[in-house]
Amino acid sequence: MKQLIILLSTLLALNVNARYVNGTVYAEGGQTLDGVNVINKGTSIGTTTDINGFYSIEVASEESVLVFSFVGYETKKMKVGKMKVLDVT
């Protein structure tokens, strides 16, 4: 039991700076886009927007960069900074 507590404490300590950013992806006309790929650049962490264009993704720091890509649209990169909500057009 003691080893389990130590392991869990270590895992939590390693992930202390991780947080989630979420937002909505819009086309230029204002309609939401579903199926947009959202990748945390330089990691294997990624997600896809839902039917309402919403996404939520884990980021490691304010320096994290999210890459948004969708067929027929130009790929967009955005630095997370201090934002918790990052909507993209």
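Residues: numbered from 1 along the sequence shown.
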K.L.:
Is there a path of hydrophobic side-chain contacts, each under 4.5 Å between heavy atoms of I/L/V/M/F/W/Y residues, joining Met83 to Val59?
P.N.:
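Val59 clusters together with Met83.
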K.L.:
Please report the shortest heavy-atom distance between Phe70 and Gly35, naming the atom on each side.
P.N.:
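Minimum heavy-atom contact is CD1-O, 3.6 Å.
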K.L.:
Measure the OG1-CG distance between Thr24 and Leu86 for me, rounded to the nearest 0.5 Å.
P.N.:
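If we round to the nearest 0.5 Å, Thr24:OG1 and Leu86:CG are 10.0 Å apart.
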K.L.:
Would you say Tyr73 and Val88 are hydrophobically clustered, going by side-chain heavy atoms of ILVMFWY under 4.5 Å?
P.N.:
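Tyr73 clusters together with Val88.
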K.L.:
Is there a path of hydrophobic side-chain contacts, each under 4.5 Å between heavy atoms of I, L, V, M, F, W or Y residues, that connects Val67 with Val80?
P.N.:
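Not linked; separate clusters.
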K.L.:
Strictly distance-based, threshold 3.5 Å: is any side-chain N or O of Thr49 a donor or acceptor partner for the main-chain N or O of Val36?
P.N.:
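Such a contact is found between Thr49 side chain and Val36 backbone.
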K.L.:
Kindly state each residue pair satisfying salt bridge (Lys or Arg N to Asp or Glu O under 4.0 Å) with at least one member in residues 79-89, sequence neighbours excluded.
P.N.:
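Found Glu63-Lys79.
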K.L.:
What's the separation between atom OG1 in Thr32 and atom CG in Asn52, rounded to the nearest 0.5 Å?
P.N.:
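Reported to 0.5 Å precision, the distance equals 6.0 Å.
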K.L.:
Mind checking whether Met78 and Val38 sit in one hydrophobic cluster, side chains of I, L, V, M, F, W, Y counted as touching below 4.5 Å?
P.N.:
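Linked, Met78 and Val38 end up in one cluster.
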K.L.:
Find out whether Val85 and Asn22 are in side-chain contact, i.e. whether some heavy atom of one side chain is under 4.5 Å from a heavy atom of the other.
P.N.:
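They are in side-chain contact.
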K.L.:
With side chain to side chain contact (heavy atoms under 4.5 Å, CB included) as the criterion, how do Ile45 and Ile39 come out once you've worked through the C-alpha distance, each side chain's angles and the decisive distance to 0.1 Å?
P.N.:
CA-CA 6 Å; Ile45 299 171; Ile39 306 294; over 6 Å; no
K.L.:
Evaluate whether atom CD of Glu74 has more than 12 neighbouring non-hydrogen atoms of other residues, nucleotides or ligands under 6.0 angstrom away.
P.N.:
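It does not: Glu74 CD has 12 such atoms or fewer within range.
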K.L.:
Just by distance, do the side chain of Asp50 and the backbone of Gly53 share a donor-acceptor pair under 3.5 Å?
P.N.:
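Here the side-chain-to-backbone pair exists.
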K.L.:
Does one hydrophobic cluster hold both Val25 and Val65, with members joined at side-chain heavy-atom distances below 4.5 Å?
P.N.:
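They do not share one cluster, since no chain of ILVMFWY contacts under 4.5 Å joins Val25 to Val65.
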K.L.:
Walk me through whether Ile57 and Leu66 qualify under side chain to side chain contact (heavy atoms under 4.5 Å, CB included).
P.N.:
CA-CA 9 Å; Ile57 190 168; Leu66 298 182; 3.9 Å; yes
K.L.:
By the ring pair (Phe, Tyr, Trp, His ring centres under 6.0 Å) test, which pairs, at least two apart or in different chains, include something from residues 40-64?
P.N.:
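Matches after skipping sequence neighbours: Tyr55-Phe68.
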K.L.:
I'd like to know if the side chain of Asn40 reaches the main chain of Glu58, judged simply by a donor and an acceptor atom lying under 3.5 Å from each other, with no hydrogens or angles considered.
P.N.:
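Yes, because the side chain of Asn40 sits within donor-acceptor range (under 3.5 Å) of the backbone of Glu58.
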